[in-house]
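Have a look at the structure below before the remarks.
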Amino acid sequence: MKKLFLSSILFLAFGLFIQAQTINSPDGNISLTFEITEGKAIYHLSYKEKPVIKPSSLGFEIKDQEPLQDGFEIRESSTDNFDEIWETVWGEESKIRNQYNELFVSLHQPSTERILDIRFRLFDTGLGFRYEFPLQEKLAHFVIKEELTQFAMAGDHTAFWIPGDYDTQEYDYTESKLSEIKGLMEKAVTGNLSQQPFSLTGVQTSLMMKTDDGLYINLHEAALVDYATMHLNLDDENFTFQSWLNPDAIGDKGYLQAPSTSPWRTVIVSDDARDILASRITYNLNEPSKIEDTSWIKPMKYIGVWWEMITGKSSWAYTDELPSVKLGETDYSKVKPNGIHGANTENVKRYIDFAAEHGFQGVLVEGWNIGWEDWFGNSKDYVFDFVTPYPDFDLEGIRDYAKSKGVEMVMHHETSSSVRNYERHLDKAYQFMKDNGYNSVKSGYVGDILPRGENHYSQWIVNHYQHAIEKAADYQIMVNAHEAVRPTGVSRTWPNLIANESARGTEFQAFGGSKPNHVTVLPFTRLIGGPMDYTPGVFEMDISKVNPDNNSWVNSTLTNQLALYITMYSPLQMAADLPENYERFMDAFQFIKDVPVAWEESRYLEAEPGYYLTIARKEKGTNNWFVGNVNGVPERTSEISFDFLDSGKTYIATIYADDKNAHYRNNPQAYTIRKAIVTQKSKLKQKSASGGGYAISIMEATKEQTKGMKKL
Ligand code: NOJ
Ligand code: CA
């Protein structure tokens with residue numbers, strides 16, 4: 001490591017003493033400069049000489065102390081570089097390169113004798129930086145009032161944003177200029193926004209932007225551990241974002257003790273949108289796996305007794321009668337069943353049969369445990385115990401039946417956001433899972449957090465989510481947490497965090513619908529931090545056909561739903577629809593049966609946030625490839641080459657595409673399926689409908705198998 005002490009470049013400008021240091025990304029395209037200007041810590045970033053982040057200041061407001069924001073001097077600094085390839089437990093590829101150049105600066109504030117360190121890592125696809133608080137006398141235990149990290153944008157960029165909310169991330173994205181955010185948010189707040197943003201220019205990360213001169217910029221964070229989630233507040237006069245940490249119940253934003261660090265703040269940038277999807281900055285800024293033996297962590301496809309509840313066809317609760325005040329005191333043999341309880345043994349066995357027949361590893365069952373009669377909105381502390389089944393759910397019988405069919409049951413823990421109650425039960429609940437053959441759990445945090453006043457993304461609850469993951473690892477349990485804080489690459493360190501929802505998932509298609517281009521935005525936003533349990537695969541778009549009382553419409557074509565198994569990367573993929581809906585479209589369902597969940601490598605063929613993306617992935621352990629294209633509202637013809645295939649090999653491609661007249665709203669189930677021979681030289685032009693898309697399975701084939709078949 002080169003020690004640069006005080007002054008790698010010292011010069012006098014306009015009579016001010018400026019200390020500036022610059023590092024470049026390994027490929028030389030990105031350049032970061034750090035300097036002290038008038039005592040302030042300033043950084044700026046450029047990509048191929050275009051400004052990405054204009055001079056922006058760094059620092060903190062500390063409770064009951066002087067601000068840690070000016071009067072800085074550089075104490076020492078150093079540069080370093082790093083290059084390694086690490087193996088994933090699961091992911092979009094089996095190996096990830098982690099290559100960066102680093103600048104470390106240690107700042108001193110002489111007036112208070114405090115030290116603040118900042119570490120910058122510059123990768124080919126962007127920047128990560130974090131604050132570090134070394135052990136010191138004058139900053140030992142402290143409370144963050146606000147983090148003062150600025151991201152000054154170079155213009156009025158187009159952004160894909162959701163409101164800066166403390167309690168939900170489940171919004172449709174709005175595409176607008178930065179200057180339009182305030183006006184649009186004002187309208188939404190008086191309209192149908194379920195929650196209030198902290199400010200009319202407050203947004204959540206991961207925030208995706210596009211500049212007028214064709215740069216794609218993404219702001220997010222990595223390794224959010226023991227710290228509050230970062231939202232961003234925009235000063236829309238000069239297009240500068242400032243960090244806005246999520247407060248706790250008394251308005252504080254974080255309790256820290258040195259030595260400690262902040263999460264990494266990330267800026268992913270490229271002039272090609274595909275690079276944003278291919279960037280692995282977020283994972284690379286997290287620590288390697290802390291789980292030594294990861295052999296029990298396995299990607300999986302699953303179905304579930306779920307969509308029937310989401311659509312309102314059946315219920316989580318066993319009865320419509322109000323239960324006793326205290327959980328466990330209701331004698332369920334004496335109450336009147338409501339007749340629509342989904343998690344009944346016979347129904348569950350039907351799903352197990354379907355899973356076994358079609359090769360799904362898992363069956364999720366929600367509403368199996370007592371407490372659902374008054375689970376929501378009542379601030380009930382002791383709301384679930386996570387171990388007591390309803391009388392019509394034969395736990396042992398189902399366990400043994402699933403085992404005999406080679407199917408694994410997936411546990412469900414809805415916490416109703418009664419967080420203390422969940423922690424009280426956690427050991428017992430996980431042990432109960434292991435005793436009954438459950439290796440994975442879908443958890444959930446619907447509604448206001450208990451204790452009241454806490455919100456969904458403060459330091460306190462970030463620590464809870466982390467605790468649930470780490471404790472699950474002790475029991476060799478995989479976690480798929482819904483409504484928990486959006487991920488920040490922590491699953492590199494804890495790969496048993498196999499998915500999160502933490503954004504607007506498919507369930508909203510049964511609650512009034514999502515924008516048809518939603519799935520063309522999510523990979524550029526929510527998925528930057530890790531996989532999403534989006535729960536794709538809905539074939540019946542007219543929800544009134546599932547439940548006559550629900551007029552919702554799934555804003556997607558059927559082949560768009562197939563493509564999601566590729567474009568919405570997750571090691572955990574659900575086939576969300578009802579078995580009876582799949583039985584009507586067995587030819588299209590074949591793709592969901594064939595598509596794997598473990599990948600060797602991924603290629604990003606076409607991409608434009610909000611409009612389209614096309615991804616090809618190679619299955620782990622075979623030579624088979626799978627392609628998915630999702631399309632936004634305007635119809636579009638996708639053009640791809642199969643040059644990712646091995647030369648000299650022959651494959652059979654099965655193309656599941658929108659039919660000529662398909663449309664997400666008027667004709668979503670119009671699709672065609674065709675087979676053709678493809679090789680490395682093949683090319684495809686394929687039209688995708690409004691809200692449509694296509695999916696292709698590409699299986700290596702022998703001469704014999706391709707006999708009589710045409711080339712693409
Ligand atoms: C919200 C989750 O996203 C959904 O999947 C689940 O069914 C309900 N909560 C009930 O736990
Ligand atoms: Ca949800």
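For ligands, and for the atoms within them, numbers begin at 1 and follow the listed sequence. Heavy-atom basis, side chains included; hydrogens, waters and symmetry copies ignored.
Atoms of ligand 1 found under 4.0 Å from any heavy atom of Trp306 (numbered from 1 in listed order, with element): 4 (C), 5 (O), 6 (C), 7 (O). Atoms of ligand 1 found under 4.0 Å from any heavy atom of Trp316, numbered from 1 in the order shown, are 7 (O), 10 (C). Of all atoms in ligand 1, numbered sequentially from 1 with element shown, those under 4.0 Å from a heavy atom of Glu501 are 3 (O). Listed by number with element, the atoms of ligand 1 under 4.0 Å from a non-hydrogen atom of Trp372 are 10 (C), 11 (O).
Heavy atoms of Trp307 found under 4.0 angstrom from ligand 1: none, in either backbone or side chain.
For atom 7 (O) of ligand 1, the closest heavy atom belonging to the protein is Glu366 OE1, 2.5 Å. Among all protein heavy atoms, the one lying closest to atom 1 (C) of ligand 1 is Glu483 OE2, 3.0 Å. Looking only at protein heavy atoms, the nearest one to atom 11 (O) of ligand 1 is Glu414 OE1, 2.6 Å. At the top of the distance list for atom 4 (C) of ligand 1, counting protein heavy atoms only, stands Glu507 OE1, 3.1 Å. For atom 9 (N) of ligand 1, the closest heavy atom belonging to the protein is Val446 CG2, 3.3 Å.
Taking the six-membered ring where tryptophan is involved, the planes of Tyr318 and Tyr332 are perpendicular, since the angle between them exceeds 60° and thus also 30°. Ring orientation note: the planes of His464 and Tyr445 are nearly perpendicular, at an angle over 60° on the 30°/60° scale. Phe386 and Tyr422 have tilted rings, their planes meeting at an angle from 30° to 60° on a 0 to 90° scale. Below 30°, between 30° and 60°, or above 60°: for His425 and Tyr382 the angle between ring planes is below 30°, a parallel geometry. The aromatic rings of Trp372 and His412 lie parallel to each other, with less than 30° between the two planes, well short of the 60° mark.
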Test log, rule side-chain contact (heavy atoms from CB on, under 4.5 Å), inputs Val479 and Ser443: CA-CA 7 Å; Val479 176; Ser443 57; 4.1 Å; yes
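Not one N or O on the side chain of Gln459 forms a donor-acceptor pair closer than 3.5 Å with the backbone of Asp248.
The closest approach of Glu170 to the Ca ion (ligand 2), by N/O/S atoms, is made by OE2. Atom OE2 is the N/O/S atom of Glu507 found closest to the Ca ion (ligand 2). Looking only at N/O/S atoms, Glu483 comes nearest to the Ca ion (ligand 2) through OE2.
Heavy-atom separations between His412 and ligand 1 include at least one value shorter than 4.0 Å. Ligand 1 is never approached by Tyr445 to a heavy-atom distance shorter than 4.0 Å. At least one heavy atom of Lys442 sits less than 4.0 Å from an atom of ligand 1.
With ring centers used as reference points, Tyr351 lies 6.0 Å or more from Phe354. Ring pair Tyr582/Phe589: centre-to-centre distance below 6.0 Å.
Polar contact check, Trp375 against ligand 1: no nitrogen or oxygen pair lies under 3.5 Å apart.
Summarising the local packing, NZ of Lys428 is surrounded by 12 or fewer heavy atoms from other residues, nucleotides or ligands at distances under 6.0 Å.
Cation-pi geometry between Lys253 and Trp244 is met: the NZ or CZ atom falls under 6.0 Å from the ring centre, inside 45° of the normal.
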